Trainee: 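Attaching a single structure in C-alpha cells format; questions to follow.
Note that the structure is a prediction, hence the values are computed from the model and not measured.
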Amino acid sequence: MRTTKPYLIAEMGVNFYDTARVMNISPLEAAKLYIDAAAEAGIDCAKFQSYKAGTIVSKNSPAYWDTTKEPTKTQYELFLKHDHFGEAEYRELCDYTHAKGMDFTSTPFDYASADYLEPMVDFYKISSSDLSNLPFIDHIARKGKPVFMSVGAAYLSECDEAIRVLKDAGCKDIVIFHCVLSYPTDPANANLRIIETLKKDFPDVRVGFSDHVAPDDTMMTLATAYLLGAEVIEKHFTLDKTLPGNDHYHGGDPEDFKKAIRNFQWIDKVLGSPEKTVLDCEIIPRREARRSLVLTRDMKAGEVIKAEDLMPKRPGTGISPRFAEIVIGRKVTRDLDEDTILTWDMV
C-alpha cells in the first residue's frame with residue numbers, strides 16, 4: 001500500500017453508473033474513466049462498493065438522503081440501479097487500478113462480496129451502516145488484511161465494541177473514520193473535533209475522516225481534518241458534481257481533490273519539524289537582531305566598568321547581556337569610545 005500522509009481515498013461508490021448513462025458508455029468503461037481521473041489527480045486509492053440490492057436492504061426500506069437531489073424513494077430501488085457488478089468486474093477494476101499505481105478496495109455489504117474481494121483489495125473498508133453488524137466485522141477481520149471502518153452515527157461504546165471484535169479476530173492494522181451519516185453533511189454538523197476524541201480514546205488505532213460535506217472553494221473541511229490529526233481521508237469522487245444521483249452533489253471532482261492535495265502539502269510545509277532549533281534562515285537575523293553590551297561613555301584603559309556604563313543594544317556580535325554581572329566590576333583593557341560593542345578581549 002502507498003504510504004502518503006494523509007492517505008487519500010476516492011470513494012467512487014457507484015457514481016460511475018450515472019456517468020455511463022449520460023455518456024452512453026458501459027458502466028465498466030465509466031468506472032475506468034473515474035480511475036484514470038483519480039490517478040491523474042494524485043489520489044492514493046480508488047474505492048468502490050460491492051453489493052446486491054436483495055442482500056443489503058429490505059424492499060420497503062425508506063430513503064434517508066436528500067430526495068431533492070436523489071428522488072428515489074426507497075433504498076432498494078436505488079441499490080437495484082447500481083448492483084450489476086460482480087467478481088469479474090471488480091477483478092478487472094482492481095487490475096486496472098493497480099496498473100495506474102493506485103491501491104484498490106471496495107466496501108463489501110454481504111458475505112459473498114467480502115469473500116470474492118479478498119484476493120483483490122489492499123484493505124477492507126467497513127461502512128458505518130455495518131458498525132453493529134458484529135458477526136460480519138468478525139468475518140472480515142479474520143481474513144488477515146487491514147480494516148478501515150467508518151464510525152458514523154455511533155456512540156463511543158459502539159465504536160469500542162466493534163474495535164474489540166476486530167482485535168479479537170486478530171486484525172492488527174485498524175483505521176477508524178470519523179464520519180457523519182448525513183448526505184450532505186451541513187458544515188455545522190461536521191464535528192471535526194471528534195477526530196481528536198477518537199485519537200485520545202483509541203490511541204492504538206489510526207484515525208481518519210470520511211467526508212460528506214459538500215466541497216467548498218478552498219476544500220478547507222479536509223484540510224482542517226488533516227490538521228486535527230486525520231491520517232486517512234476519504235471523500236466521494238465524481239466527474240461531474242451537477243449529475244443527479246445520491247453521491248454526486250456532496251462528492252469532489254478531480255480539481256477538488258487536487259486542491260485538497262495542495263492544501264495537505266502546504267500544511268506539511270508550514271508545520272515543519274517539532275524540533276526547536278535555529279534554522280539556517282535565522283542565523284543572520286539572530287546575530288543582527290539580538291543585543292550586546294554597549295558602552296554608554298568613553299572609557300580609559302584600566303577603568304572599572306559600572307552598571308551605568310552598559311546598555312544592551314543591537315547587534316548581537318559582542319558580549320551577550322546575559323553576562324552583564326560578569327562584566328560589571330572588570331576593567332577595560334584599552335581606551336574605548338562611547339557606543340563600543342564590547343567583546344571579551346576588551347575586558
Side-chain angles (χ1 to χ4, degrees), residues 1-4 6-53 55-56 79 81-127 136 139-150 171 173 175 177 208 210 232-240 245 247-248 251-254 257-258 261:
M1 284 179 59
R2 295 172 67 160
T3 57
T4 312
Y7 182 86
L8 186 58
I9 302 170
E11 162 65 295
M12 315 294 190
V14 292
N15 278 346
F16 55 89
Y17 279 96
D18 300 312
T19 299
R21 186 183 69 256
V22 298
M23 294 183 68
N24 197 28
I25 59 177
S26 73
L28 195 60
E29 290 173 307
K32 289 180 179 179
L33 289 180
Y34 273 59
I35 293 168
D36 290 340
E40 194 274 329
I43 292 164
D44 296 301
C45 178
K47 187 181 98 62
F48 294 85
Q49 296 178 9
S50 300
Y51 56 74
K52 293 297 180 184
T55 60
I56 191 174
F79 289 129
K81 297 177 184 178
H82 304 132
D83 72 348
H84 308 321
F85 282 8
E87 181 175 359
E89 289 81 6
Y90 288 114
R91 164 53 66 188
E92 188 168 342
L93 292 179
C94 169
D95 293 342
Y96 192 80
T97 300
H98 285 154
K100 291 288 181 176
M102 289 191 297
D103 297 331
F104 172 84
T105 195
S106 184
T107 298
F109 286 88
D110 53 53
Y111 287 88
S113 299
D115 290 343
Y116 73 63
L117 286 170
E118 182 176 354
M120 307 178 203
V121 297
D122 293 289
F123 60 90
Y124 277 101
K125 170 66 197 300
I126 296 176
S127 163
F136 187 55
H139 180 78
I140 289 174
R142 293 185 184 280
K143 294 185 178 295
K145 295 208 168 191
V147 173
F148 294 14
M149 181 170 65
S150 286
C171 185
D173 190 351
V175 177
F177 289 89
S210 182
V232 183
I233 290 178
E234 173 187 65
K235 185 167 183 63
H236 283 269
F237 186 81
T238 179
L239 297 184
D240 184 354
D247 293 327
H248 295 285
D253 63 21
F257 275 78
K258 289 178 184 178
I261 291 170

Trainee: Would you call the rings of F48 and F104 parallel, tilted or perpendicular, taking 30° and 60° as the class edges?
Mentor: tilted
Trainee: Are E11 and K125 close enough for a salt bridge, meaning some N to O gap below 4.0 Å?
Mentor: no
Trainee: If we only count heavy atoms from C-beta on, is the H98 to D122 side-chain gap below 4.5 Å?
Mentor: yes
Trainee: For a quick test of reading the model, state the closest non-hydrogen atom pair linking S210 to E234 and the distance between them.
Mentor: OG-OE1, 2.6 Å
Trainee: Looking at F237, is its backbone amide N or carbonyl O close enough to the side chain of N15 to form a donor-acceptor pair, meaning the two atoms are under 3.5 Å apart?
Mentor: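 Answer holds: yes.
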Trainee: Do the side chain of Y124 and the main chain of K143 share a donor and acceptor less than 3.5 angstrom apart?
Mentor: no
Trainee: For the backbone of E89 and the side chain of E92, can you confirm whether one donor and one acceptor N or O come within less than 3.5 Å of each other?
Mentor: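 Flag not set: sc E92 to bb E89 has no pair under 3.5 Å.
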Trainee: Could you tell me the separation between the CD1 atom of I43 and the OG1 atom of T97, rounded to the nearest 0.5 Å?
Mentor: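 Output value for this atom pair is 11.5 Å.
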Trainee: Output yes when a side-chain donor or acceptor of Y17 lies under 3.5 Å from a complementary backbone atom of A31, and no otherwise.
Mentor: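 Checking the backbone N and O of A31 against the side chain of Y17, no donor-acceptor pair under 3.5 Å is found.
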Trainee: Scan for salt bridge (charged side-chain N to carboxylate O under 4.0 Å, His left out) pairs involving residues 12-26, sequence neighbours excluded, and state none if there are none.
Mentor: D18-R21
Trainee: Would you say the side chain of F148 lies within less than 4.5 Å of the side chain of I9, judging by non-hydrogen atoms?
Mentor: yes
Trainee: Hey, are D95 and R91 close enough for a salt bridge, meaning a charged N less than 4.0 Å from a carboxylate O?
Mentor: yes
Trainee: Counting only N and O atoms by type, is there a donor-acceptor contact under 3.5 Å from the side chain of D253 to the main-chain atoms of D240?
Mentor: no
Trainee: Measure from the side-chain N and O atoms of T105 to the backbone N and O of F123, and report whether any donor-acceptor pair falls under 3.5 Å.
Mentor: yes
Trainee: In terms of the angle between their ring planes, are Y116 and Y90 parallel, tilted or perpendicular, with boundaries placed at 30° and 60°?
Mentor: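 The rings of Y116 and Y90 lie parallel, inter-plane angle below 30°.
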Trainee: Any idea which heavy atoms bring K47 and T107 closest together, and the distance?
Mentor: NZ-OG1, 2.5 Å
Trainee: Checking side-chain contact (heavy atoms from CB on, under 4.5 Å) for the pair D115/H139: CA distance, chi angles, key distance, verdict?
Mentor: CA-CA 9 Å; D115 290 343; H139 180 78; 2.8 Å; yes
Trainee: Mind checking the CG-CZ spacing from L8 to F257? Nearest 0.5 Å is all I need.
Mentor: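 Here the rounded value is 5.5 Å.
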Trainee: Output yes when a side-chain donor or acceptor of D83 lies under 3.5 Å from a complementary backbone atom of A53, and no otherwise.
Mentor: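 Pair found, side chain donor or acceptor close to backbone of A53.
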Trainee: Just to verify, what does D110 make a side-chain contact (heavy atoms from CB on, under 4.5 Å) with, not counting sequence neighbours?
Mentor: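 Partners of D110 by the side-chain contact (heavy atoms from CB on, under 4.5 Å) criterion, ordered by chain and then number, come out as T55, A112, S113.
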Trainee: For the OH atom of Y34 and the CE atom of M12, what is their distance to the nearest 0.5 Å?
Mentor: 8.5 Å
Trainee: Looking just at side-chain N and O atoms, do S106 and S50 make a donor-acceptor pair shorter than 3.5 Å?
Mentor: yes
Trainee: For residues P254 and T238, report the shortest heavy-atom separation together with the two atoms involved.
Mentor: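 Minimum heavy-atom contact is CD-O, 3.4 Å.
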Trainee: Could you pull out all residues at least two apart from I56 that satisfy side-chain contact (heavy atoms from CB on, under 4.5 Å)?
Mentor: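 side-chain contact (heavy atoms from CB on, under 4.5 Å) check on I56 returns Y51, F79, F109.
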Trainee: To the nearest 0.5 Å, what is the distance between NZ on K52 and CZ on F85?
Mentor: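 With rounding to 0.5 Å, NZ (K52) is 9.5 Å from CZ (F85).
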Trainee: Looking only at non-hydrogen atoms, find the nearest pair between L239 and L33 and report the distance.
Mentor: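 Looking at all heavy atoms of both residues, the closest pair is CD1-CB, 4.2 Å.
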Trainee: Taking all non-hydrogen atoms of both residues into account, name the closest pair between G251 and K235 and its distance.
Mentor: C-CE, 4.2 Å
Trainee: Which heavy-atom pair separates L28 from L93 by the least distance, and what is that distance?
Mentor: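 In this case the closest contact between L28 and L93 is CD1-CD2, 3.8 Å.
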Trainee: Can any side-chain N or O of K258 pair as donor or acceptor with the backbone N or O of G42 at less than 3.5 Å?
Mentor: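 Answer holds: no.
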